There are 2 protein chains.
Amino acid sequence: MTRTHHPRPQLQLRLVAERDIVLGPGKIALLEAIEHHGSIAAACREMHLSYKKAWQLLETMGRHFDTPLVDTCSGGSQRGGATLTPLARELIVHYRALLQRLDAAPESEALRAMLRPLNTPTPPDR
Amino acid sequence: MTRTHHPRPQLQLRLVAERDIVLGPGKIALLEAIEHHGSIAAACREMHLSYKKAWQLLETMGRHFDTPLVDTCSGGSQRGGATLTPLARELIVHYRALLQRLDAAPESEALRAMLRPLNTPTPPDR
DNA sequence: TCCCGTTATTTCCAAACAGACATAGCGAGA
DNA sequence: TCTCGCTATGTCTGTTTGGAAATAACGGGA
């Protein structure tokens, strides 16, 4: 597996409140994976994320909302699982919309154009 | 000094390329402080940043551009100092413009409105 | 020639972080 | 009652990170 596979310069978005990163690329991806798989554990396997880490991400997010972001249950016929609440789905929508606005802005392409072409070896010193 | 002074939820922006954070809130602030003070060391003092850390930030940024971001000199009548190159100034302008677009977008306020009111004590468990 | 504050870099140590692993409880179905 | 995969949480350990401090070089001005 080539770890050095970095498709192209990317703009990322974060929502920060009271020292916590409430939303970011990873947390949004996690929510989407949970929605897709119906469980936290399955989302972790797909994302190569430890369950503990995922839990911490969810916990940090959850601290900043009055109502839960995921409904979970353990045991049962489905042997447990998790689904997103409407609140979480709304978060995703707004986040994606903002990201789309970002990429559509002319300054985004301007910034990317200023970067040194990818995979150009770094000059020995300055 | 109250360390728990978090004015309001804040959207942050990052430019990521090849594992490196090329631009972010801290790096932009550093560039602006250098521009304002005319030296890296003075910028560090103002930002409560170690010189080493500042240097690392500049080094990381610099890796992704073909031309330098800061012109530096040691010694001399001014006893050394640093100034931004036009490239760096352009970066700042684009970054700030993007941030402004972000904050102006309706989804930004929508996201902020979904957050639990600040300083509300976290409920004991969920 | 010495002085000064800056650039530039290294070494050392403490703190923060992340991954691997272990464990307990859940509850429908067999 | 046993099984199974998931939720939920704790412990441990190695890595990464970051700060403090030391050091050398620079070069105009006194």
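Just so you know, these numbers use all the heavy atoms, side chains as well, and skip hydrogens, waters and symmetry mates. Here is the naming used below: chain letters follow the sequence lines, and residue numbers restart at 1 for every chain. Quick caveat: nothing in here was measured; it's all calculated off a predicted structure.
- Contact between B:Met47 and B:Leu30 at its shortest, heavy atoms only, is SD-CA, 3.7 Å.
- Salt-bridge check for A:Arg14 with A:Asp20: failed, with every basic side-chain N at 4.0 Å or more from each acidic carboxylate O.
- Using a 4.0 Å heavy-atom criterion, one finds that B:Ala42 contacts no nucleic acid atom at all.
- Straight-line distance from the CG atom of A:Asp71 to the P atom of D:dA8: 10 Å, rounded to whole Å.
- Annotation: salt bridge (Lys or Arg N to Asp or Glu O under 4.0 Å) contacts involving residues 68-95 of chain A, sequence neighbours excluded, comprise A:Glu35-A:Arg89.
- In this structure a side-chain-to-backbone donor-acceptor pair under 3.5 Å is present from B:Lys27 to B:Ile21.
- For A:Trp55 and D:dT7, the shortest distance from a side-chain N or O to OP1 or OP2 is not below 4.0 Å.
- Under the 4.5 Å side-chain heavy-atom criterion for ILVMFWY residues, a single connected hydrophobic cluster contains both B:Leu87 and B:Leu31.
- Atoms CZ (B:Arg19) and P (D:dT17) sit 12 Å apart, rounded to a whole Å.
- Between the CD1 atom of B:Ile40 and the C1' atom of D:dC26 there is a distance of 14 Å, given to the nearest Å.
- For the pair A:His37 (side chain) and A:Ala33 (backbone), a donor-acceptor distance under 3.5 Å is present.
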Distances for protein N or O near nucleotides 27-29 of chain D N or O, under 3.5 Å:
unit_1 : atom_1 : unit_2  : atom_2 : d
D:dG27 : O4'    : B:Gly76 : N      : 3.1
D:dG28 : O4'    : B:Ser77 : N      : 3.2

Pairwise N/O distances under 3.5 Å, protein to nucleotides 16-20 of chain C:
unit_1 : atom_1 : unit_2  : atom_2 : d
C:dA18 : OP2    : A:Lys53 : NZ     : 3.3
C:dG19 : O6     : A:Lys52 : NZ     : 3.0

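- Between A:Tyr51 atom OH and C:dT23 atom C1' there is a gap of 14 Å when expressed in whole angstrom units.
- Under the 3.5 Å distance criterion, the side-chain polar atoms of B:Ser39 are left unmatched by any main-chain donor or acceptor of B:Gly81.
- Distances shorter than 4.0 Å separate some side-chain N or O of B:Arg45 from OP1 or OP2 on C:dT6.
- Using a 4.0 Å cut-off between a side-chain N of Lys or Arg and a carboxylate O of Asp or Glu, B:Arg101 and A:Glu107 qualify as a salt bridge.
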